[in-house]
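Worksheet for the structure shown next.
Bear in mind that the values here come from a model prediction, so they are computed numbers and not experimental data.
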Amino acid sequence: MRLSMGLTRILVTLLVMLSVLAHAQEQDSTSYTPVDSVAIANFFESYVVKDTVPNDVEVQEYIALRHKQYSDSLVLRWAPTTRSLLVKGNKLGYVVKRYEFPYDPDTLSEQDEEMIITAPASLSNPIKAYDSAQWATVFPTDDKYAIIAAGATTGSLDVNADEVGFGVKAQQDESIYGFTLLAADLSVTAANGLGLRYVDKTVQKGTTYEYRVCLADSAEVAKMDSLMNLSYENLDSTQVIGWVDWLDEQADGYVEFQGKTEAMFLKEFRTSSLENAVELRWPVVPNDQYSAFFIERSSDGGTTFDTLTQNVLVSEPIEVFDSLGNNFSYYKYVDRLDENYVSYTYKITGLDGFGDKSETATASGMGRDLTPPANPQLISGKYRAKKQQVHLIWRIPAIPADFDSFYLQRRDAPTAVWSTIEPALGTSDTTYSFIPEPHQYSHYFRLGIKDTVGNAAYSFPVFVNIPDTLAPPAPTQLMADIDTTGQVRLTWEQEIPGGERLLGYRVYYSNRKSHEFTQLTTTPVANRSYSYSIPLKTLTDKIYYKVQSVDNHYNHSEFSEVIEAQKPDILPPVAPVFKNPLVTESYVELNWEPSSSKDVIAQEITRTRSGSDESPAKFMVEKGNRSYYDSTANKGVVYRYTIAAIDDDNLRSKESFPVQARVIDKKLMDQVSSLEANYNDSKNSIELKWVYDERGDYRFMIYRNFGNDKVKRYRSVGASENTFEDGVKDPGTYYYAIKVVEKSGKKSVLSEVVAVSTQ
């Protein structure tokens with residue numbers, strides 16, 4: 001009996017909730033949506049972060065799961081993502097599986113992670129929604145959310161499609177689905193009765209757990225659970241693994257039980273004044289756990305509070321963007337008031353998906369008069385040249401009851417900040433004469449009116465222009481610098497009278513001071529400097545500049561003084577040309593034709609040793625000299641000589657075409673001794689050997705002849721050798737001798753001739 005009476009109240013409760021939500025929408029139509037879509041969105045968005053779902057995965061229905069820790073237990077809450085899955089859950093029930101890890105899961109192997117320690121519920125004993133008999137034990141009750149849950153599970157709220165049509169039937173089913181999930185969020189009794197809640201009191205502090213919820217049907221377990229949301233037909237194994245990993249991270253995943261309950265706090269609850277209203281606002285924080293909010297108001301400073309939201313406020317977040325493009329979301333509620341400037345204290349409490357209330361947050365606010373007076377009319381403004389003043393005329397509007405003052409404002413550019421002209425105007429004033437400062441030519445004026453609380457209104461601006469015919473002064477202290485790359489930098493100074501604004505400067509140049517100057521800048525440059533590049537390989541070595549200033553009204557100053565700039569010398573001198581060198585036993589005499597360049601200040605001779613890596617020797621010679629005697633050259637050594645010219649900018653010419661020379665050394669090298677020649681019958685070859693003790697860079701030249709002692713050059717071997725084997729072709733007598741030849745060309749005399757017979 002109690003149950004049937006309770007179920008009869010369900011429809012009344014639903015109507016009350018819908019009327020509350022409709023009232024909220026009337027207050028601010030952009031902030032609130034019907035409860036069915038909001039409840040689903042609030043629950044699922046807090047359980048699974050949808051923005052991180054892979055784009056290439058087809059999302060199927062599944063069970064969203066979330067947990068919360070208490071001092072003695074860990075509570076699980078879940079929700080099917082579709083109405084059809086909720087109906088299946090009511091019929092089949094749910095299985096909760098728990099995986100237990102006694103250590104830090106980061107240190108576990110894959111085999112350890114897969115070990116199932118315990119299963120609080122099984123297929124034979126699932127968690128199911130209450131039947132009518134179980135709901136009867138709950139009633140009577142003041143928990144309207146439990147009443148909604150009871151009606152949803154027993155089918156008392158269903159409407160026959162034949163009576164209302166399939167469209168209305170579908171809408172009614174979705175609304176019931178939304179109310180059902182919201183009821184589970186806001187009431188522990190409703191969540192238990194719907195089979196969407198489980199309390200695990202066997203958890204131990206410091207132990208890590210992993211939970212998983214699925215339908216109690218072995219055929220459905222693979223798909224309909226809290227960690228898998230897959231369409232197996234469209235996924236390969238890699239995607240399946242990746243998708244499970246994602247759900248594992250975004251759902252509960254691993255949980256280390258700490259054995260404590262963390263308090264919930266609403267952050268940054270604040271108010272702002274509107275006309276006969278106060279706007280309440282609080283931000284959406286990451287992992288927002290709130291499903292609904294309670295708002296209360298106090299008019300006695302917080303002593304007593306009246307409830308503004310008779311049931312619960314289900315608010316849809318508002319997303320906004322700042323000037324940098326960053327987005328953030330917030331909730332808001334508008335409290336309409338009968339009068340302004342009455343201070344109120346507001347209190348808000350959040351309710352999470354586990355039926356727990358947050359700590360309350362408070363803020364004060366009041367409605368304010370935000371309506372400005374009617375806009376005044378500034379009729380005209382003219383410049384009177386004879387009096388050198390601006391004359392303004394306006395029309396006096398109707399004076400409002402809360403009038404405070406009239407005033408004029410001025411600025412000299414469309415984007416400049418308005419400045420107020422003192423003193424304030426009287427209500428009988430209709431004209432005003434303004435004497436501008438020197439060099440102020442553009443003026444924008446507007447008339448303002450302000451009420452007693454600071455609301456202001458303004459007329460349309462009036463523009464007044466003052467003709468400018470004065471030229472600015474000429475630039476001074478013009479300087480120019482040209483570097484070796486041809487980069488020119490010009491700088492100058494400018495005395496600017498107070499208030500005058502320059503448009504910029506024009507730069508002119510000429511290759512001759514007496515010639516007409518050409519403008520370098522097509523438009524005035526703003527800075528007191530100018531840079532550009534010029535070619536340096538030209539016939540002229542100087543260039544001339546002058547500068548002119550231009551103000552905002554294109555009045556041109558006189559020219560600055562002309563400045564002369566010296567171009568840097570980048571052309572190296574012409575190289576000297578060597579003649580044939582002369583050599584003696586004491587020195588090498590070098591002769592050349594000097595460079596034809598006029599700016600040569602010195603000549604440099606470079607000597608290198610052929611075939612050696614030793615550092616070159618350098619000899620400086622005065623610019624007028626045409627010869628040089630190298631007495632430091634070693635005898636018999638071949639040297640390579642080049643010469644270059646150097647000018648007054650330290651530019652160096654190319655090296656001349658090289659010449660080679662060596663000091664004559666007439667001393668002979670020692671000859672080899674103990675030369676022997678023997679015939680080796682087994683090899684059919686003649687073997688030579690000799691003795692030579694002198695060290696140096698030389699080779700042994702072997703001389704030979706057949707049948708005659710007039711020997712000729714035959715072979716050569718290196719200085720490290722003292723033997724030579726010569727193959728015999730024809731029998732007979734062979735004659736041999738050896739000469740030592742140094743790399744520098746120095747030689748020994750031919751050794752004695754030895755003979756050997758091969759017969």
Side-chain angles (χ1 to χ4, degrees), residues 19-35 38 42 265-285 288 290 292-323 326-351 358 360-376 397-405 418 448-459:
S19 66
V20 170
L21 291 170
H23 175 65
Q25 287 182 304
E26 290 177 2
Q27 289 189 322
D28 191 339
S29 60
T30 63
S31 301
Y32 307 100
T33 59
V35 67
V38 172
N42 282 357
F265 295 94
L266 281 167
K267 298 180 179 180
E268 299 182 23
F269 177 54
R270 62 185 61 182
T271 66
S272 58
S273 297
L274 303 177
E275 183 87 25
N276 289 107
V278 174
E279 180 184 282
L280 312 180
R281 181 178 295 190
W282 59 103
V284 178
V285 297
D288 191 349
Y290 299 109
F293 304 94
F294 296 92
I295 300 177
E296 301 171 89
R297 183 182 69 190
S298 171
S299 59
D300 56 8
T303 303
T304 59
F305 283 88
D306 298 322
T307 302
L308 291 181
T309 52
Q310 294 298 325
N311 290 281
V312 294
L313 174 66
V314 181
S315 177
E316 182 177 354
I318 299 172
E319 186 175 26
V320 295
F321 294 85
D322 60 19
S323 59
N326 301 315
N327 66 312
F328 58 95
S329 301
Y330 65 91
Y331 300 111
K332 82 171 185 177
Y333 175 84
V334 178
D335 180 24
R336 305 296 179 184
L337 304 172
D338 295 330
E339 58 181 321
N340 291 320
Y341 302 106
V342 176
S343 180
Y344 293 97
T345 301
Y346 294 91
K347 182 169 64 174
I348 185 171
T349 306
L351 189 66
S358 72
T360 59
T362 59
S364 298
M366 67 174 66
R368 295 182 183 274
D369 176 12
L370 302 178
T371 304
N375 295 84
I399 305 299
D402 57 352
F403 169 79
D404 178 73
S405 61
W418 290 100
I449 182 173
K450 184 170 61 176
D451 64 19
T452 54
V453 296
N455 297 313
Y458 299 95
S459 67

Query raised in the report: Which atoms form the tightest heavy-atom contact between Leu280 and Ile295, and what is the distance?
Result: CD1-CG2, 3.6 Å
Query raised in the report: Are any side-chain N or O atoms of Asn340 and backbone N or O atoms of Asn276, one a donor and one an acceptor, separated by less than 3.5 Å?
Result: yes
Report task. Identify which one of Tyr333, Tyr346, Trp282 satisfies the ring pair (Phe, Tyr, Trp, His ring centres under 6.0 Å) criterion when paired with Phe293. Result -> Trp282
Report summary line: CZ (Arg281) and OG (Ser272) are apart, to the nearest 0.5 Å, by 6.0 Å
Cut-off 3.5 Å, no hydrogens considered: what does the side-chain donor-acceptor table look like for residues 360-374, sequence neighbours left out?
from   : atom 1 : to     : atom 2 : distance (Å)
Arg368 : NE     : Ser273 : OG     : 3.1
Asp369 : OD1    : Thr371 : N      : 3.1
Thr371 : OG1    : Glu275 : OE1    : 3.3

Report summary line: In this structure, CZ of Phe403 is separated from OG1 of Thr452 (nearest 0.5 Å) by 10.5 Å
Query raised in the report: How many angstroms lie between atom CZ of Phe269 and atom OH of Tyr331, to the nearest 0.5 angstrom?
Result: 14.0 Å
Requested in this report: Supply the atom-to-atom distance Thr345 OG1 to Asp300 CG, rounded to the nearest 0.5 angstrom.
Outcome: 8.0 Å
Report task. Any chance you could measure Leu274, atom CG, to Leu337, atom CG, to the nearest 0.5 Å? Result -> 9.0 Å
Query raised in the report: If you measure only the distance, is there a donor-acceptor pair under 3.5 Å linking the side chains of Arg297 and Tyr344?
Result: no
Query - Ring centre gap for Tyr458 and Trp418 strictly below 6.0 Å - result: no
Report task. Search all heavy atoms of Pro283 against all heavy atoms of Glu268 and return the closest pair with its distance. Result -> CD-O, 3.5 Å
Report summary line: To the nearest 0.5 Å, atom CD1 of Ile348 lies from atom OG of Ser358 at 8.0 Å
